[in-house]
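Below, all heavy atoms of this structure are taken into account, side chains as well, without hydrogens, waters or symmetry copies. Keep in mind that what you see is a predicted model, and the values were worked out from it rather than measured. For reference, positions follow the sequence shown, starting with 1.
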Amino acid sequence: MKVINLHQEEKELIELAVENNRHAQHQIYSKYAPKMLSVCRQYIKDIHQAEDIMITAFMKVFTNLKNFEHKGSFEGWIRRVMINECISFIRVQKKVKFIEDETYFEERHNNIESQFSVEDIQFLIDSLPDGYKMIFNLYAIEGFKHNEIAAMLGISEGTSKSQLSHARKMLQENVKKLKNYENGTE
């Protein structure tokens, strides 16, 4: 049995893509586009806009591929480009406003019960105001820390914490409403 070094294959594919090899670029796009569309969709409600942003972000990936240092996950690097492109799009649209509210509450959170579909959960997240949604996604889904989010968005760490707290509270209220609706007790 022959052992294939997948990391080496990816590195070679990246090197070919840096040299503008269209086949290599297409392979990278085909491999990562479905996941990256999901990432963009977390921030952008409209699927068509999310797809446009993903394509624009892939253009940036290929333009800046020579800067990838092979020190971390290639998928993680692409994901970061996607997130930054989504944030830039939202800023340009001026759809997000952060309230400089430094008060927040540390709460215990129960995981959303498995009774909800992915579509239900996405609907709940989409129902959040853009600022809450962005910070919720960056913190809860992407795993960024508040100081990283604050630096990315140009806000204070306290504002990031506050926005997350408000997002969680709103999500909890919407989960209750959805449960009541599904149980016919609305």
- Hey, is NZ on Lys145 packed in by over 12 heavy atoms from elsewhere, all under 6.0 Å? no
- Less than 4.5 Å apart, any side-chain heavy atom of Lys161 and any of Ser156? no
- Message: With heavy-atom distances below 4.5 Å as the criterion, would you say the side chains of Glu85 and Met54 are in contact?
- Response: no
- Donor-acceptor pair, side chain of Ser127 and main chain of Leu124, under 3.5 angstrom: yes
- Arg91 (side chain) donor-acceptor with Leu153 (main chain) under 3.5 angstrom: yes
- Ion pair check, Arg41 and Asp126, cut-off under 4.0 Å: yes
- Message: Test side-chain contact (heavy atoms from CB on, under 4.5 Å) on Leu13 and Ile28; report intermediate values, then the result.
- Response: CA-CA 8 Å; Leu13 189 63; Ile28 290 170; 3.8 Å; yes
- Message: Is the ring pair Tyr32/Phe74 parallel, tilted or perpendicular, if the boundaries are 30 and 60 degrees?
- Response: perpendicular
- Query: Just checking, is any N or O donor in the side chain of Ser162 or Thr159 under 3.5 Å from an acceptor N or O on the other one?
  - Reply: no
- Atom pair OG (Ser73) and CZ (Phe68), whose distance is rounded to the nearest 0.5 Å: 7.0 Å
- Give, for atom CD1 of Ile155 and atom NE2 of His146, the distance between the pair rounded to the nearest 0.5 Å. 9.5 Å
- Message: Check this for me, if you would: do Glu15 and Lys66 make a salt bridge, where the nitrogen-to-carboxylate-oxygen distance has to be below 4.0 angstrom?
- Response: no
- Message: Let me confirm one number: the CD1-CE distance from Ile44 to Met82, rounded to the nearest 0.5 Å.
- Response: 12.5 Å
- Task: Using the rule that two of Ile, Leu, Val, Met, Phe, Trp, Tyr join whenever any of their side-chain heavy atoms come within less than 4.5 Å, decide whether Met59 and Ile83 are in one cluster.
- Result: no
- Note on the structure: Closest non-hydrogen contact found for Cys40 with Cys86 is CA-SG, 3.6 Å
- What heavy-atom pair brings Tyr43 and Met134 nearest, and what distance separates the two atoms? CE2-O, 3.9 Å
- Message: Would you compute the distance between atom CZ of Arg79 and atom CE of Met36 and round it to the nearest 0.5 angstrom?
- Response: 5.5 Å
- Query: Does one hydrophobic cluster hold both Phe62 and Ile78, with members joined at side-chain heavy-atom distances below 4.5 Å?
  - Reply: yes
- Message: Between Asn174 and Lys177, does the side-chain contact (heavy atoms from CB on, under 4.5 Å) criterion hold? Intermediate values first, please.
- Response: CA-CA 5 Å; Asn174 290 341; Lys177 289 177 188 174; 4.0 Å; yes
- Taking atom types as modelled, is there a side-chain donor on Asn21 or Gln25 under 3.5 Å from an acceptor on the other? no
- Query: Do you know which two heavy atoms are closest between Glu10 and Lys31, and how far apart they sit?
  - Reply: OE2-NZ, 3.5 Å
- Test side-chain contact (heavy atoms from CB on, under 4.5 Å) on Tyr29 and Val61 and set out the steps. CA-CA 10 Å; Tyr29 180 86; Val61 164; over 6 Å; no
- Query: Out of curiosity, Gln49 CD to Thr56 OG1, how far, rounded to the nearest 0.5 Å?
  - Reply: 11.0 Å
- Query: Between CG of Asn20 and CG of Leu65, what distance do you get to the nearest 0.5 Å?
  - Reply: 9.5 Å
- Note on the structure: Correct closest heavy-atom pair for Met152 and Leu138 would be CE-CD2, 4.0 Å
- Ile135 versus Ser160, closest heavy-atom pair with distance: CG2-O, 3.5 Å
- Task: Determine whether Leu128 and Phe123 fall in the same hydrophobic cluster, where Ile, Leu, Val, Met, Phe, Trp and Tyr are linked whenever their side-chain heavy atoms lie under 4.5 Å apart.
- Result: no
- Query: Going by atom types only, do Glu142 and Gln42 share a side-chain donor-acceptor pair under 3.5 Å?
  - Reply: no
- Under a 4.5 Å side-chain heavy-atom rule over Ile, Leu, Val, Met, Phe, Trp and Tyr, are Leu16 and Val18 clustered together? no
